[in-house]
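Note that the coordinates shown come from a computational prediction; the quantities given were computed from them, not determined experimentally. A note on names: the letters A, B, ... follow the listed sequences, proteins ahead of strands, and every chain is numbered from 1.
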Protein chains: 2
Amino acid sequence: METGSVRTSTGGRLLDAAAKLFWNKGYASTTTREIAEILGVRKASLYHHIASKEDLLFEISVSSLERIIGETQAAIAGVDDPLERVRMLVHAHVASMIADQNKHSVMLTELRALSPARRTQIVTLRDEYEQLVASVLDGARKAGALRADIPVKYLSLSLLNLLNWSIFWFQLDGELSPDRWADYLTSLYLGGAQKSAEGAVLR
Amino acid sequence: METGSVRTSTGGRLLDAAAKLFWNKGYASTTTREIAEILGVRKASLYHHIASKEDLLFEISVSSLERIIGETQAAIAGVDDPLERVRMLVHAHVASMIADQNKHSVMLTELRALSPARRTQIVTLRDEYEQLVASVLDGARKAGALRADIPVKYLSLSLLNLLNWSIFWFQLDGELSPDRWADYLTSLYLGGAQKSAEGAVLR
DNA sequence: GTCTATAGTGGGATAGAC
DNA sequence: GTCTATCCCACTATAGAC
């Protein structure tokens with residue numbers, strides 16, 4: 001986790017502070033002064049830890065994606081039942097996303113602000129994750145557990161829409177726990193919203 | 001449509017040009033000079049048509065929401081069957097969204113950049129639309145067509161996630177037509193991804 | 001590792017001629 | 001309705017002391 005860069009106290013808090021501001025105000029509208037204020041230092045001091053503001057956005061994006069990829073892979077490792085793999089994936093995605101809500105939101109919405117070279121790196125990581133999701137679904141489809149009349153590509157994009165964009169309204173302090181939301185999502189995604197699906201795959 | 005403000009040639013193209021740039025680069029990173037360049041004028045000339053850059057973002061958001069509200073209401077008016085109303089809503093939403101892709105994307109992602117007073121106005125319009133969706137779903141649920149084991153609030157948020165965030169990867173020139181995507185979405189949302197749903201509500 | 005001070009740039013918006 | 005010229009401001013990043 002900490003390999004490759006020194007993480008002092010200020011350095012460690014830097015990413016979280018930046019993610020919070022980038023998410024609340026947007027990357028371009030957040031000033032280095034505001035980030036420094038949260039950390040209790042002057043803005044010039046930031047440049048001892050980073051080379052540029054864009055570094056922060058890049059590291060936030062990488063960190064968010066590596067976490068979600070790692071935790072999702074871990075959750076489905078060793079699980080054989082095709083539909084159970086889907087359930088595990090949904091739960092891991094929701095949990096990881098909510099544990100890292102600011103970073104994840106920023107990664108999803110601020111890709112445009114990165115330089116082309118770094119944007120490519122993030123897109124590659126995203127593709128890697130989308131491939132993981134698609135392969136879980138494709139496995140379930142090949143096992144006869146998922147419908148075959150809609151291309152896996154769109155089954156996959158739909159699940160990602162449901163998963164990713166929950167983050168914009170999900171409130172940790174609300175009445176809904178991450179696990180319960182993951183249950184709703186799984187049941188709805190697999191069983192549908194129709195009456196006949198009532199109780200489907202809800203545990 | 002044109003009531004309340006004069007829409008000269010430059011004025012009319014202004015919103016579209018701004019929406020395109022705001023979507024490609026983000027609101028904060030788009031300069032008035034770039035907008036002017038597209039229109040073939042100097043940036044000072046923009047201020048004959050608008051009072052501020054923020055005006056553009058506000059008008060884009062209002063225009064996008066009024067369109068989607070209007071077209072969705074029109075699509076379900078006079079339709080009685082509860083599930084058919086859901087289908088109509090999905091088709092109208094997808095069509096309207098894609099016809100106005102830049103504006104709609106900007107409305108969804110740049111809310112933060114508006115001043116509090118104007119943000120409130122946009123949030124009110126969004127709430128109005130979400131109420132419309134929730135009421136269609138609630139009608140179907142009360143008619144016994146939708147499951148009752150998941151609160152309508154979450155049935156509604158899930159459908160909005162599926163609908164709204166398609167816009168970020170949907171390509172009009174791709175192999176998928178808006179109507180076909182709406183069919184997939186309807187079938188998936190109502191019937192689910194499981195094998196047993198195969199062919200569900202697909203026309 | 002943090003500070004003060006400032007360089008250097010580019011932004012939104014305005015003045016006033018045409 | 002568009003232009004040139006410019007104001008004023010805030011930003012990122014750097015220099016160099018401590």
Side-chain angles (χ1 to χ4, degrees), chain A residues 2 4-61 106 110-119, chain B residues 2 4-61 106 110-119:
Chain A
E2 299 285 346
S5 71
V6 181
R7 284 290 163 83
T8 65
S9 176
T10 298
R13 292 161 59 218
L14 195 44
L15 276 198
D16 286 329
K20 186 172 186 175
L21 284 169
F22 290 170
W23 169 234
N24 287 333
K25 312 193 40 177
Y27 171 75
S29 302
T30 299
T31 67
T32 50
R33 182 182 315 242
E34 291 169 316
I35 299 170
E37 232 163 56
I38 291 191
L39 301 175
V41 297
R42 302 292 175 176
K43 64 175 174 153
S45 310
L46 296 180
Y47 292 89
H48 178 76
H49 304 276
I50 53 164
S52 73
K53 183 181 158 186
E54 201 200 307
D55 283 4
L56 290 170
L57 177 56
F58 180 69
E59 287 186 32
I60 285 166
S61 302
V106 168
E110 298 290 0
L111 186 66
R112 293 173 300 191
L114 286 171
S115 65
R118 287 176 145 177
R119 183 161 54 230
Chain B
E2 300 285 347
S5 69
V6 180
R7 285 288 162 85
T8 64
S9 176
T10 299
R13 292 161 59 218
L14 195 44
L15 275 198
D16 286 328
K20 186 172 186 174
L21 284 169
F22 290 170
W23 169 233
N24 287 334
K25 311 194 41 177
Y27 171 76
S29 302
T30 299
T31 67
T32 51
R33 178 174 318 211
E34 291 169 315
I35 299 170
E37 231 162 57
I38 290 190
L39 301 175
V41 297
R42 304 289 176 179
K43 64 171 175 159
S45 310
L46 296 181
Y47 292 88
H48 177 75
H49 304 277
I50 53 165
S52 72
K53 182 182 160 188
E54 201 199 307
D55 282 5
L56 291 170
L57 177 56
F58 180 69
E59 286 186 33
I60 285 167
S61 303
V106 168
E110 297 290 1
L111 186 66
R112 293 173 300 192
L114 286 171
S115 66
R118 288 176 145 178
R119 183 160 55 230

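Here the closest non-hydrogen pair linking B/W23 and A/R112 is O-NH1, 2.6 Å. In plain terms, the two heavy atoms of A/L111 and A/R119 that are nearest each other are O-CD, 3.6 Å. Residue A/F22 comes nearest to A/L57 through the heavy atom pair CE1-N, 4.0 Å, listed as atom of the first residue, atom of the second, then distance.
Side chains of B/T30 and B/K20 form no contact here, defined as non-hydrogen atoms less than 4.5 Å apart. Looking at B/Y27 and B/V106, their side chains never come closer than 4.5 Å, going by heavy atoms from C-beta outward.
Residue A/H48 contributes atom NE2, which lies 19 Å from atom C1' of D/dT12 at whole-angstrom precision. Rounded to whole Å, the distance from CD1 on B/I50 to C1' on D/dG1 is 14 Å. Summarising the geometry, the separation between NZ on A/K43 and P on C/dT4 is reported as 12 Å, rounded to the nearest angstrom. Residue B/R42 contributes atom CZ, which lies 18 Å from atom P of C/dC18 at whole-angstrom precision. The distance from atom NZ of B/K25 to atom C1' of C/dG11 is 12 Å, rounded to the nearest whole Å. Computed from coordinates, the A/K53 NZ to D/dT14 C1' distance equals 17 Å when rounded to whole Å. One interatomic measurement links the two molecules: CG of A/L46 to P of D/dT12, which rounds to 10 Å at whole-angstrom precision.
Considering only side-chain N and O atoms, A/H49 lies under 4.0 angstrom from the phosphate OP1 or OP2 of C/dT2. Contact annotation: A/Y47 side-chain N/O to D/dA13 OP1/OP2 distance is under 4.0 Å. Residue A/S45 has no polar side-chain atom (N or O) positioned under 4.0 Å from OP1 or OP2 of C/dG1.
An end-to-end axis angle of 0° holds for the helix from C/dG1-D/dC18 to C/dC18-D/dG1, taken from five base pairs per end and rounded to 10°.
For NZ of B/K25, the number of neighbouring non-hydrogen atoms (other residues, nucleotides, ligands) closer than 6.0 Å is greater than 12. Sparse packing is recorded around CZ of B/R42, with 12 or fewer heavy atoms of other residues, nucleotides or ligands lying under 6.0 Å away.
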Start with the C-alpha gap between B/L56 and B/I35, add the side-chain angles, then the distance that decides, and say whether side-chain contact (heavy atoms from CB on, under 4.5 Å) holds.
CA-CA 11 Å; B/L56 291 170; B/I35 299 170; 3.9 Å; yes

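Of the listed nucleotides (D/dC3, D/dT12, C/dC3), D/dC3 has the atom at the smallest distance from the side chain of B/A44.
Residues satisfying the side-chain hydrogen bond (donor to acceptor under 3.5 Å, both in side chains) test with B/K43, not counting sequence neighbours, are none.
Using a 4.0 Å cutoff on non-hydrogen atoms, the parts of residues 27-40 of chain B near DNA chain C are B/T30, B/T31, B/T32, ordered by number.
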